[in-house]
Amino acid sequence: MGLPRGPLFWLLLLLAAACSGILFALYSSATKRYPGPSARARDATSPQALFGPKASKAGARKRQHCHHPLYLTIQRDPHFQGLFDLSTPVLLWGELFTQELWDRLSRHKAPYGWQGLSHQAIASTLTLLNGSGNAKLFAASGEPPPGCVRCAVVGNGGILNGSRQGLHIDTHDYVFRLNGAVIKGFEHDVGTKTSFYGFTVNTMKNSLISYWNLGFTSVPQGQDLRYIFIPSNIRDYVMLRSAILGVPVPEGPDEGDIPGPTAPPTAGAPACPSPRSPAGSTTGRPALSTSFVGPRPQSYFGPGASASKFKLLHPDFIRYLTERFLKSKLINTNFGDLYMPSTGALMLLTALHTCDQVSAYGFITSNYRKFSEHYYDRKKRPLIFYVNHDLLLEAALWKDLHKAGIIQLYQR
């Protein structure tokens, strides 16, 4: 015999159904992704855009359960909500190269544009970056990692010496490294995994010069590793073109270099360090070398370095990062034309615009004087500041981002 179902029963049932619908709508709204870059760049809302066309529906469902996605954290912080614009294109590739883009970027000097640079050199390079792998940072075959895309960005600061963070670094889905990324002998501190290696041609070569005897004898290589070119000068575009084609660099300070796997070592002229700032505000490495010093391999990127292995930061993205996050007072000095964010800053901010969770290791902290300049230094050496970067401004940014919960900054 069933229970009586009078008007009160049906009224309560209707109220329960209405409440369930409202709760479901609120949940769906809360879990909706923060609007990401446009379809021409990295779309933060789509695993297909993140990982390429082979990302599965199952992967998409898993990615909805990200507990601490950056977009929600950014929305909760009024200051950083006003700075982040996730619609800014991160990467530049062939399909974006138009006459309108050329005209606009020709009004800005490198790395923020193409003023004074060769149209032929720019066009011939971007024409080769014509695949989906060049348009998306994480484009790859296979399945996306479950849950959030967790990224570690590993700088080279001395704070990592003795840190024993290697295993934790390697648990991330993707690991970014840069410049003189020495791994052998420091696996327990910095890990072994490398997904992306970021550099300018200048910083790559200076790292091979300066840290050869400390263990940085070649650029990281690997089948699944990708290279992120930072276009600080025309030489980056020229080297990138030669790397894709596997031919010698035809002109400029790198003339004769063969980015492919077959060139013998040669010697070059001494590197030229950049001016030092008495107040202290930039990187501790030379920034203006024109040639390579001493014995060195010209096989930078290993065999099979096809176009799909290379990414190129968009000049608009570098300008946006500089104006929004790292607009240094150095810009208004006599060294203003030299200033740009450091390689480490550009890699960390790239990760912040493409990953769901970001951890930073080996970056400058407020107690940087306690540590050597690099984790692989054999003797403690102080961090030297030059005027082409503003490391103190970067340190303040990392501290604020960590305090806001947007990054996890390794500190000791």
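Quick note: numbers below take in every heavy atom, side chains included, and nothing from hydrogens, waters or symmetry partners.
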Open item on the list: More than 12 heavy atoms of other residues, nucleotides or ligands under 6.0 Å from CG of Leu167: yes or no?
Closed with: no
- [ ] Check Leu225 against Lys309 and note the closest heavy-atom contact, atom names and distance.
- [x] O-NZ, 2.8 Å
Open item on the list: Check this for me: Arg369, atom CZ, are more than 12 non-hydrogen atoms of other residues, nucleotides or ligands nearer than 6.0 Å?
Closed with: no
Open item on the list: Give me the atom names and distance for the closest heavy-atom approach of Phe310 to Asn134.
Closed with: O-ND2, 3.0 Å
TODO: Applying side chain to side chain donor-acceptor pair (under 3.5 Å), run through Tyr410 and His168 and close with a yes or a no.
DONE: CA-CA 11 Å; Tyr410 176 71; His168 187 62; over 6 Å; no
Task: More than 12 heavy atoms from other groups under 6.0 Å of CD on Glu100 - done: yes
Open item on the list: Any side-chain to backbone donor/acceptor pair from Asp236 onto Asn233? Under 3.5 Å, distance only.
Closed with: yes
Open item on the list: Are Tyr227 and Gln221 packed together at the side-chain level, in the sense that at least one heavy-atom pair is separated by less than 4.5 angstrom?
Closed with: yes
TODO: Report yes or no: does Lys193 contribute a side-chain atom to a donor-acceptor pair with the main-chain N or O of Asp173 at less than 3.5 Å?
DONE: yes
TODO: Examine Phe385 together with Tyr368 and report whether their ring centres are nearer than 6.0 Å.
DONE: yes
- [ ] Find out whether Leu312 and Tyr237 are in side-chain contact, i.e. whether some heavy atom of one side chain is under 4.5 Å from a heavy atom of the other.
- [x] yes
Open item on the list: Once rounded to the nearest 0.5 Å, what's the spacing between atom CG of Leu397 and atom CG of Asp390?
Closed with: 11.0 Å
TODO: Taking the side chain as every heavy atom from C-beta outward, state whether Pro231 and Leu240 have any pair of such atoms under 4.5 Å apart.
DONE: no
Open item on the list: To the closest 0.5 Å, what do you measure between CD1 (Ile169) and OG (Ser163)?
Closed with: 6.5 Å
Open item on the list: For Phe229 together with Phe199, are the ring centres under 6.0 Å from each other?
Closed with: yes
- [ ] Check side-chain contact (heavy atoms from CB on, under 4.5 Å) between Glu323 and all other residues, then give those that pass, not counting sequence neighbours.
- [x] Arg319
Task: Charged N-O contact under 4.0 Å between Arg150 and Asp356 - done: no
- [ ] State which residue, out of Leu137, Ile228, Leu313, fulfils the side-chain contact (heavy atoms from CB on, under 4.5 Å) condition with Val90.
- [x] Leu313
Task: Among Val358, Leu348, Leu352, the one residue meeting side-chain contact (heavy atoms from CB on, under 4.5 Å) with Leu401 - done: Leu352
- [ ] Go through the steps for Tyr320 and His353 under the test ring pair (Phe, Tyr, Trp, His ring centres under 6.0 Å), then give the verdict.
- [x] CA-CA 12 Å; Tyr320 148 76; His353 285 74; 5.3 Å; yes
- [ ] Give a yes or no answer on whether the side chain of His314 reaches the backbone of Asp316 with a donor-acceptor pair at less than 3.5 Å.
- [x] yes
TODO: Check the side chains of His172 and Ser359 for a donor-acceptor pair under 3.5 angstrom, ignoring hydrogens and angles.
DONE: yes
Task: Aromatic ring proximity Phe216/Phe186, centre distance under 6.0 Å - done: no
Task: Minimal non-hydrogen separation, Thr217 against Leu208, with atom names - done: C-CD2, 3.8 Å
- [ ] Kindly indicate, with the supporting measurements, whether the criterion salt bridge (charged side-chain N to carboxylate O under 4.0 Å, His left out) is fulfilled by Asp257 and Lys205.
- [x] CA-CA 11 Å; Asp257 277 9; Lys205 287 196 165 188; 2.5 Å; yes
TODO: Working to the nearest 0.5 Å, report the span between OG1 of Thr88 and CD1 of Ile318.
DONE: 12.5 Å
Task: CG (Asp103) with more than 12 external heavy atoms under 6.0 Å - done: yes
Open item on the list: Asn179 and side-chain hydrogen bond (donor to acceptor under 3.5 Å, both in side chains): which single residue from Asn206, Thr200, Thr203 fits?
Closed with: Thr203
